[in-house]
Amino acid sequence: MSRTFYVTTPIYYVNDVPHIGHAYTTLAADVLARYKRLKGYEVFFLTGTDEHGQKVEKAANAAGETPLELADRVVKRFQALWDKLDVAPTDFIRTTQERHKKGVTHIFRQILAQGDIYLGEYEDWYCTPCETFWTETQLIDGNCPDCNRPVEKLKEESYFFRMSKYQDRLLAHIEANPDFIQPKSRRNEIIAFVKEGLRDLSISRTSFNWGIPVPDNERHVIYVWFDALTNYITALGYPEQGGDFTRYWPVDVHLIGKDILRFHAVYWPTFLMAAGLPLPKKVFAHGWWTVEGQKMSKSLQNVVEPNMLVDKYGIDAVRYFLLREVPFGLDGDFSHTALVHRINSDLANDLGNLLNRSTAMVNKYFDGVLPQPGPLAELDAAFRGKTETMVAQLDACLDELAFSKGLQAIWEVISAGNKYIDETAPWTLAKDPAQRERLGTIMYTLLEVQRIVHILLTAFMPRTAAKALGYLGWSAPPRGEDLRWGGLVAGTHIAKAEALFPRIEEKDE
Ligand code: MSP
């Protein structure tokens with residue numbers, strides 16, 4: 001039986017256009033999807049858009065459009081950006097699609113029939129931008145504790161989900177499954193939150209219309225988070241059994257930002273429990289980007305637009321930077337200086353230079369024909385060993401979503417490669433005909449290491465890796481087996497590489 005891997009991103013609200021925060025999660029998911037596919041998994045990678053709710057309705061009114069017109073327009077921006085970033089999801093779900101509405105109605109009906117949804121009355125403080133109700137005591141200076149904006153008092157008839165009933169089961173699940181919520185600090189926050197006690201959750205609204213109607217009571221629309229979270233199963237064809245839903249659920253990992261962890265680690269699992277469905281294997285909350293030291297916001301006009309970054313620096317530089325600069329899970333700061341520095345030092349100097357130097361030498365000393373290696377000397381064997389360790393390290397790192405650490409492991413090998421050239425000094429050996437075999441072994445080792453490096457990099461920088469592999473005479477689509485030592489065949493033509501990443505003048509920034 002083949003192994004499967006299911007990864008999701010949040011579905012993005014269509015009242016805003018995409019920024020690096022959205023690109024970040026989606027790139028991380030894409031890297032994971034590509035890596036797992038390389039390793040032979042059958043992968044389902046899901047992203048999409050969250051199109052219902054008061055926030056979208058208000059934005060549409062303000063723009064003089066219907067909510068669906070707004071959604072149709074903004075969805076294109078997200079899809080175009082994913083294309084532009086070489087992000088290739090298996091499916092893109094929109095919550096206004098029939099398949100989604102059908103699934104949401106189904107799960108609502110099921111939980112209602114089962115007794116965990118009941119009709120009651122609601123009165124509390126509501127923050128529209130966050131689509132969240134707050135109790136009096138949670139407010140800070142009378143404002144929303146998350147975004148600091150004013151809240152309004154709402155009283156309405158509402159359907160409630162009996163979340164309180166699942167408090168103990170959820171806690172037991174979190175405690176029995178240390179990997180369920182990550183990173184650890186976030187897990188502790190959720191444990192503390194659940195221990196404080198779970199209230200029943202209002203899951204319908206009567207104050208506006210833009211949403212999925214409650215089955216058999218059309219005065220109500222279903223709460224946008226109940227609707228949105230369900231996308232993770234409706235995209236798989238839920239409630240239909242036997243297809244993708246049976247194949248891919250439970251999800252391997254929901255990638256999200258830290259601000260929406262409670263919805264994913266408390267609400268969603270309890271909805272699933274009530275519906276009798278298995279829980280996600282992992283929910284991972286990454287940190288937030290600030291920009292040049294400041295919170296990214298429309299009012300500060302410092303929102304980083306991914307299209308602009310790609311036009312200026314190239315797709316793979318952006319993909320690399322976002323995943324390398326900050327350990328996944330921590331907050332980080334975006335700055336042009338940091339990005340240019342990474343391009344110049346990691347990509348141009350280390351990665352690009354190694355390929356240039358080695359392909360140039362094979363051309364100079366062997367007319368571009370890869371020589372047959374002789375027995376490996378100690379230095380060569382150590383370099384090979386380091387490369388093999390890196391392959392295993394990357395695997396472990398990506399299981400923990402430690403993208404940055406995984407890239408560091410790859411870059412240690414790249415630096416070792418540049419050092420290996422300096423230590424073996426091929427230019428000296430080239431002067432001595434008796435050292436011909438030794439020189440050939442060194443060239444083979446250098447290129448073979450880079451073949452393995454670039455196969456791993458196909459997940460992170462698909463274009464750059466394909467280009468580099470092309471110089472190494474490797475054109476077959478890489479597979480997991482190709483990570484084993486010895487793939488390059490003597491006699492292969494090695495092209496002299498051009499710069500993979502041209503240096504950028506730092507003063508230009
Ligand atoms: N629609 C909901 C998610 C529903 S999932 C069932 C939503 N959408 S959103 O468009 O507002 O935000 C999506 C994601 O963007 C969140 O994961 C959030 O953490 C992320 N980010 C928004 N700003 C960010 C940064 N400045 N930095 C990193 N990620 C950020 O929430």
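Indexing begins at 1, ligand by ligand and atom by atom, following the structure's order. None of the values given here were measured: they were computed from a predicted structure.
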Is there a side-chain contact (heavy atoms from CB on, under 4.5 Å) between His254 and Val7 once you walk through the steps?
-> CA-CA 6 Å; His254 287 315; Val7 56; over 6 Å; no

Asp179/Lys184 ion pair, N-O < 4.0 Å = no

Should Asp72 and Arg94 count as an ion pair when the cut-off is N to O under 4.0 Å?
-> yes

Salt-bridge contact Glu157-Arg219 (side-chain N to carboxylate O under 4.0 Å) | yes

From Thr230, Leu112, Thr234, residue fulfilling side-chain contact (heavy atoms from CB on, under 4.5 Å) relative to Ile107 = Thr230

For Glu292 and His336, indicate whether the former's side chain and the latter's backbone hold a donor-acceptor pair under 3.5 Å.
-> yes

Return a table of N or O atom pairs, ligand 1 on one side and protein on the other, at distances under 3.5 Å, rounded to 0.1 Å.
| from | atom 1 | to | atom 2 | distance (Å) |
| --- | --- | --- | --- | --- |
| ligand 1 | 1 (N) | Ile11 | O | 2.8 |
| ligand 1 | 1 (N) | Asp50 | OD2 | 2.7 |
| ligand 1 | 10 (O) | Tyr13 | N | 3.2 |
| ligand 1 | 10 (O) | His22 | NE2 | 3.4 |
| ligand 1 | 17 (O) | Gly257 | N | 2.9 |
| ligand 1 | 19 (O) | Asp259 | OD1 | 2.5 |
| ligand 1 | 19 (O) | Trp288 | NE1 | 3.1 |
| ligand 1 | 26 (N) | Trp289 | O | 3.1 |
| ligand 1 | 27 (N) | Trp289 | N | 2.9 |

